[in-house]
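Okay, so here's the structure we're looking at.
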Amino acid sequence: LTLFSAAAASALVIDSAGALIVVRAVMGIGAAMIMPSTLAIITNVFPPEERDRGVSIWAGVAGASALLGLLVSGALLETFSWHSIFAFSGALGILALIAAVRIAPNSKADHAGLDIVGGGLSVLGLSSLVYAIIEGPDRGWTDPVTLVAFVAALLLLGAFVAWELRAEQPLLDPRLFRLRGFGAGTASITVQFFAFFGFVFVILQYFQLVLGYSPLQAGLALAPMAVVMMVLSPRVPR
């Protein structure tokens, strides 16, 4: 939360696209560090018989907040400059940090260590994969740069799996995917988020570039989806 808020605040004093991209990358790293902690807290707070409902509420808030964030961002852009979005994000991060310090219980396991090698391999492997997917349509799927990125991703992710299989405290034990519930649940949420964020990315451009909506109107157009997600997510079968 500190890293996320600090990066957001730094956007208020920059004036170049390159620096803004770096800020967004750092904010993404901070957000990626936040999300596992939220699930750890849910596991620690809720008893097993209520944990499914806690996770479902978490999923609903995570999905709906992406859409609500677009609505808030659109409203800010209608009234203020683009800097206001980062000021708002930084302020929310600080409020969340204060709330976490005062309310959230300690969910850290005393025996847990940090798998630095596994984390590094996963970051490099996934970064190579994302880079290849992004550059493929522009450079061509058979371009040497694209192919090298795909090969690097394959080797790095393969090394990640090999390391995790023999690490004493792995970042992610690949053997967990042998459990039908874990494997199916992971595959399901991966496909859902790929489809969801891919849809949001395309539909926002359609709203603004084709239909001529303002940022606020585009956010309002997606608001019903956010409401439905938040209402229905806690109603999972027990």
Side-chain angles (χ1 to χ4, degrees), residues 1 4-32 34-35 56-96 126-127 129-141 143 145-146 149 188-235:
L1 284 167
F4 178 86
S5 300
S10 67
L12 302 177
V13 296
I14 64 175
D15 56 1
S16 68
L20 186 61
I21 292 173
V22 173
V23 166
R24 291 288 294 142
V26 176
M27 289 177 65
I29 293 173
I34 292 170
M35 296 303 284
S56 67
I57 294 174
W58 172 91
V61 171
S65 61
L67 301 176
L68 293 176
L70 298 174
L71 179 60
V72 173
S73 299
L76 291 172
L77 289 174
E78 292 282 325
T79 309
F80 307 102
S81 70
W82 60 267
H83 296 84
S84 62
I85 297 177
F86 292 92
F88 182 77
S89 298
L92 280 184
I94 293 173
L95 289 176
L126 292 174
S127 298
L129 179 61
V130 171
Y131 180 81
I133 294 173
I134 291 175
E135 292 296 319
D138 184 41
R139 292 178 175 271
W141 297 107
D143 183 83
V145 174
T146 306
S188 174
I189 198 169
T190 299
V191 173
Q192 290 179 52
F193 273 75
F194 261 107
F196 172 71
F197 286 108
F199 167 76
V200 171
F201 177 78
V202 173
I203 199 65
L204 279 176
Q205 297 183 70
Y206 176 76
F207 283 154
Q208 297 183 68
L209 302 180
V210 178
L211 299 184
Y213 286 9
S214 68
L216 177 57
Q217 290 173 324
L220 287 171
L222 293 176
M225 184 185 300
V227 173
V228 171
M229 291 179 66
M230 295 189 73
V231 171
L232 295 182
S233 61
R235 304 179 184 279

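Worth saying up front: this structure is predicted, and the values here are computed from it rather than measured.
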Please step through side chain to side chain contact (heavy atoms under 4.5 Å, CB included) for the pair Leu216 and Thr79, ending with a clear verdict. CA-CA 10 Å; Leu216 177 57; Thr79 309; over 6 Å; no

Heavy-atom count around Tyr213 OH within 6.0 Å, excluding the residue itself: above 12? no

With a 6.0 Å cut-off (strictly less than), is the heavy-atom count around CZ of Phe197, excluding the residue itself, greater than 12? yes

Which residues share a salt bridge (charged side-chain N to carboxylate O under 4.0 Å, His left out) with Glu78, sequence neighbours left out: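 Glu78 satisfies salt bridge (charged side-chain N to carboxylate O under 4.0 Å, His left out) with no residue once adjacent residues are dropped.
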
Nearest 0.5 angstrom please: [X] [atom1] to [Y] [atom2], how far?
X	Y	atom1	atom2	result
Phe193	Ser188	CZ	OG	10.0 Å
Phe207	Leu220	CZ	CG	10.5 Å
Leu76	Leu71	CG	CG	9.5 Å
Trp58	Met35	CH2	CE	4.0 Å

For the residue pair [X] and [Y], what are the closest heavy atoms and their distance?
X	Y	answer
Val145	Arg139	CG2-NH1, 3.7 Å
Gln208	Pro215	OE1-CG, 3.8 Å
Ser5	Gly90	OG-O, 3.5 Å
Ala132	Ala149	CB-CB, 3.6 Å
Val23	Ala11	CG1-CB, 3.9 Å
Val26	Ala7	CG1-CB, 3.7 Å

Side chains of [X] and [Y]: does their closest heavy-atom pair fall under 4.5 Å?
X	Y	answer
Ile94	Leu1	no
Leu204	Leu222	yes
Val191	Phe194	no

Would you check, one step at a time, whether the test side chain to side chain contact (heavy atoms under 4.5 Å, CB included) holds for Leu77 with Ile85? CA-CA 8 Å; Leu77 289 174; Ile85 297 177; 3.7 Å; yes

Ser73 side-chain N/O to Leu70 backbone N/O, donor-acceptor pair under 3.5 Å: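 No, because the side chain of Ser73 does not come within donor-acceptor range (under 3.5 Å) of the backbone of Leu70.
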
Donor-acceptor check, side chain of Thr146 to backbone of Trp141, threshold 3.5 angstrom: yes or no? no

Chi angles and distances behind the side chain to side chain contact (heavy atoms under 4.5 Å, CB included) call for Ile14, Leu20: CA-CA 7 Å; Ile14 64 175; Leu20 186 61; 3.9 Å; yes

Residues in ring-ring contact (aromatic ring centres under 6.0 Å, His included) contact with Phe199, at least two apart in sequence or another chain: none

Can you list the residues that meet the ring-ring contact (aromatic ring centres under 6.0 Å, His included) rule with Phe80, with sequence neighbours excluded?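 Expected list: none.
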
